[in-house]
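Written below as structure tokens is the structure these notes are about.
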Amino acid sequence: MADADADADVCAICLGGMVRGQAGFTAECSHAFHLRCISASVAHGNHDCPLCKAPWTVLPAVNAPPPSSSSSSRQVRRTYQDDEPTVPAQAAAANNGGSGAGVVLRTHCEFPALARGAAREHFAVLVHAKAPSSEAARASLDLVTVLDVSGSMAGSKLALLKKAMGFVIDNLGPADRLSVVSFSNNASRLIRLSRMSDTGKAAAKQAVGSLVANGATNIGEGLRVAADVLDCRRHVNAVASIMLLSDGQDTYTAAGGDAADYITLGYNGAGVRPPAVHTFGFGTDHDAAAMHTIAEATGGTFSFIQNQAIVQDAFAQCIGGLLTVVVQEARLAVTCLHPGVRVREVKSGRYDSHVDDDGRASSVDVGELYADEERRFLILMDVPTAEDAEEVTGLVKVSCTYQDAATGQAATVDGDDAVVQRPVEVTGVEPSMEVERERLRVAATEDMAAAREAADRGEHAEGGRILRRRVAAMKCSARAHKDLDCEELEDEMHDYIGLVEDRQQYQKFGHARILSGMSSHRKQRAATVGKAPGSGRAAYATPAMKKMVDKSREQRQTAAAPAPQPKRKHGRGQQPDSKSGTGKRHKKH
């Protein structure tokens, strides 16, 4: 019988030697294989050792041959029903923070007073919702990372991705669960959905360390595998999300087609939409339109990582939010108070909103909120003239229903009623800065979309004119000129002008920059917009997200710092020579 060392030097499938430098894989059962030998078996869904039949929880990164477009295997749903059991909710909540206050609602009227005899159309009321602080208990997370390992990821890109994934793994809690999916020509689940205990983290890091870059890019298959992992869970954590990173153009899913085809990829047989997919365009060659479409369709954000070195910071910002989800299924309800008030429109960005046919009520579906996260929505309404004795007109009543993510308990909060004073005459009334700031942000986001559409048609000069007109309008707002948020928004618009007007710059990275900016503003959620996370005033970033980014940046800087040189010891009676730095012995006189 051969000894164990001899067996380890032979591939258990082809019986050929395991030569140094060849890609190989050693399973948990200690059987070793050439990567090329085991890849076909794993690519077809076999996750047991072909020799001893031991089940594998860590799989090799494999790249199967491209599937035929007519193959029915592309439509087969996988059944990943091997996820590790979750931690009981009460124990998880105890480890994830304490109790905190609930959602806070406020309203701000465009003007505090209207003349009694004046009627106003499209009068603006801002509804402002803020989630509980990071001291509140958070819900545990089920996270699937979908990672591009196509040939273009070879070298420094893959090395940076592995470090970024190591940071993600280190910062997940013991009640959080992680599954890693890689894709190139095909897609593979490298590790089942596992709790991030010490054992789980070690297995996850081993899986990430096994990644090898080669092959083409099949984003759609990666998304399908991720959706299957979450669809087939036997146990469920309250929060679930997908992080997708790619550096190239999809050579399968949308080749020659419409990027909107991605919308249906993650839906299961019942037509249930998957959790939010947060997408990361890595470098300047990725398919920004496809990545933006995926994020928009699922309620995620699209981040553009222009500087490859900051990929870990981009991941850090994302998980800094995902690890602090405190509110789910939030829904704002707006009801008119005065019988003559009618809601005309709700400016809600990418959040679904509804206005009743008679204009007497409206609503906004907000969904999940991270700790300390804020949402602002403009409600535009018609306000009638007041009666002779009417000193105050009640406009709208606002409430929010939601579910505490950690406990699952339902809650309802009411905000202050929005009212305006109705004097006979109005003089010297200042408009609300809160409303003005939101008006400018909404208008800027709409013009960003219009400028992008013009540039996509090749009308770069027109795209620039749209943005320049918006900047000019912002400068006309005297109150906004003194506001830090408005100044930052104006600077952002200036950046986009240069990127949109220059055809080469737009095609290289302007398109991705403006799409990621739109994604962030429409969701009112932090995303990496070309620059490093945390640069500037970091729009929408919560304290927890900023803290996680700072942690990542400090870790990267420490790793990049040169090792300190040991001090040289000099013998007794020696002094360092000022020219050569060597010690000299001086004679005594």
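- Looking at Glu110, its side chain does come within 3.5 Å of a backbone N or O of Ala124 through a donor-acceptor pair.
- Ser552 and Gln312 form a side-chain donor-acceptor contact under 3.5 Å, judged by distance and modelled atom types alone.
- From Lys547, atom NZ reaches atom CD of Gln317 across 16.0 Å, with rounding to the nearest 0.5 Å.
- A distance of 8.0 Å separates CE of Met493 from OG1 of Thr445, quoted to the nearest 0.5 Å.
- Considering Arg441, Arg376, Arg439 in turn, Arg376 is the only one that fulfils the salt bridge (Lys or Arg N to Asp or Glu O under 4.0 Å) rule with Glu434.
- Side chains of Ser363 and Arg331: a donor-acceptor N/O pair is present below 3.5 angstrom, by distance only.
- Salt-bridge formation is detected for the pair Glu462/Arg465: a Lys NZ or Arg NE/NH1/NH2 atom is positioned less than 4.0 Å from an Asp or Glu carboxylate oxygen.
- Asp382 pairs in a salt bridge (Lys or Arg N to Asp or Glu O under 4.0 Å) with only one of the listed residues (Arg360, Arg120, Arg344), which is Arg344.
- Residues Cys109 and Leu395 have side chains in contact (heavy-atom distance under 4.5 Å, counting atoms from C-beta outward).
- Salt bridge annotation for Glu446-Arg522: absent, with no cationic side-chain nitrogen under 4.0 angstrom from a carboxylate oxygen.
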Item to check | Val346/Leu380 under side chain to side chain contact (heavy atoms under 4.5 Å, CB included): CA gap, chis, key distance, verdict | outcome: CA-CA 6 Å; Val346 179; Leu380 304 181; over 6 Å; no
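- Contact record, Gly248 with Ile219: O-CD1, 4.4 Å, taken as the closest heavy-atom pair.
- Between Tyr506 and His511, the ring planes lie tilted relative to each other; the angle falls in the 30° to 60° range.
- For the residue pair Leu440 and Cys486, the shortest heavy atom distance occurs at CD1-SG, 3.8 Å.
- Of all heavy-atom pairs between Ala405 and Val325, the closest is CB-O, 3.6 Å.
- Under 3.5 Å, the side chains of His521 and Glu492 contain a donor-acceptor pair of N or O atoms.
- With contacts defined as side-chain heavy-atom distances shorter than 4.5 Å, the pair Met548/Asn171 qualifies.
- Counting only N and O atoms by type, the side chains of Arg375 and Tyr351 include a donor and acceptor under 3.5 Å apart.
- In this structure, Glu329 CD and Tyr402 OH are separated by 13.0 Å, a value rounded to the nearest 0.5 Å.
- Ring centroids of Phe282 and Phe304 are separated by 6.0 Å or more, keeping the two rings apart.
- Of all heavy-atom pairs between Cys400 and Ala330, the closest is SG-CB, 4.3 Å.
- Between the side chain of Thr298 and the main chain of Ala276, no donor-acceptor pair closer than 3.5 Å is present.
- With 3.5 Å as the limit, one finds a donor-acceptor pair spanning the side chains of His278 and Thr301.
- Electrostatic pairing of Lys546 and Asp550 does not count as a salt bridge here, judged by no charged N lying under 4.0 Å from a carboxylate O.
- Using a 4.5 Å cut-off on side-chain heavy atoms (C-beta onward), Arg116 and Thr385 make no contact.
- In this model, no donor atom of one side chain and acceptor atom of the other lie less than 3.5 Å apart for Asp352 and His354.
- Put simply, the side chain of Val396 does not reach to within 4.5 Å of the side chain of Leu337, judged on heavy atoms.
- By the 4.0 Å N-to-carboxylate-O rule, Glu487 lies too far from Lys475 to be salt-bridged with it.
- Under a 3.5 Å cut-off, the side chain of Asp176 and the backbone N or O of Ser140 do not form any donor-acceptor pair.
- Side-chain N or O atoms of Asn237 include none that pairs as donor or acceptor with a backbone N or O of Val239 at under 3.5 Å.
- Looking at every heavy atom in both residues, Ala226 comes nearest to Val146 through CB-CG2, 3.5 Å.
- Counting heavy atoms from C-beta on, the side chains of His338 and Glu390 come closer than 4.5 Å.
- Of the inter-residue distances, the one linking Met165 atom CE with Leu245 atom CG reads 10.0 Å to the nearest 0.5 angstrom.
- Between Ser432 and Phe111 the shortest side-chain heavy-atom distance does not fall below 4.5 Å.
- In this structure, a donor-acceptor pair under 3.5 Å is present between the side chains of Arg422 and Thr393.
- A 4.5 Å side-chain heavy-atom check between Ser362 and Asp356 finds every atom pair outside the cut-off.
- Between Asp447 and Ile466, the closest heavy-atom pair is O-CG2, 3.6 Å.
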Next on the checklist: Applying side chain to side chain contact (heavy atoms under 4.5 Å, CB included) to Leu332 and Val127, what does each step give before you reach the verdict?
Outcome noted: CA-CA 9 Å; Leu332 293 175; Val127 178; 4.0 Å; yes
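- Between the side chain of Asp417 and the backbone N or O of Lys397, no donor-acceptor pair lies under 3.5 Å.
- Within a 6.0 Å sphere centred on CG of Asp491, heavy atoms belonging to other residues, nucleotides or ligands number more than 12.
- With salt bridges taken as basic N to acidic carboxylate O contacts below 4.0 Å, one links Arg350 and Glu296.
- At least one donor-acceptor pair under 3.5 Å links the side chain of Ser303 to the backbone N or O of Thr528.
- A donor-acceptor pair is defined here as one N or O able to donate and one able to accept, closer than 3.5 Å; such a pair exists between the side chain of His286 and the backbone of Gly283.
- Of the possible polar contacts, one joining the Gln328 side chain to the Ala238 backbone as a donor-acceptor pair under 3.5 Å is found.
- In this structure, Leu141 and Leu172 have side chains that are in contact, with non-hydrogen atoms separated by less than 4.5 Å.
- Annotation: cation-pi pair Arg525/Tyr370 present, NZ/CZ under 6.0 Å from the ring centroid and within 45° of its normal.
- The structure places CZ of Phe280 at 10.5 Å from CG of Leu147, a figure rounded to the nearest 0.5 Å.
- Distance check: Thr427 OG1 to Glu425 CD gives 7.5 Å after rounding to the nearest 0.5 Å.
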Checklist entry - Passes side chain to side chain contact (heavy atoms under 4.5 Å, CB included), Glu488 versus Leu484? Steps please. => result CA-CA 6 Å; Glu488 175 126 335; Leu484 291 177; over 6 Å; no
Checklist entry - Can you check side chain to side chain contact (heavy atoms under 4.5 Å, CB included) on Gln308 and Val311, steps first, answer last? => result CA-CA 6 Å; Gln308 297 170 11; Val311 59; over 6 Å; no
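- For the pair Arg513 (side chain) and Tyr496 (backbone), a donor-acceptor distance under 3.5 Å is absent.
- When atom types are taken as modelled, the side chain of His128 and the backbone of Arg106 share no donor-acceptor pair closer than 3.5 angstrom.
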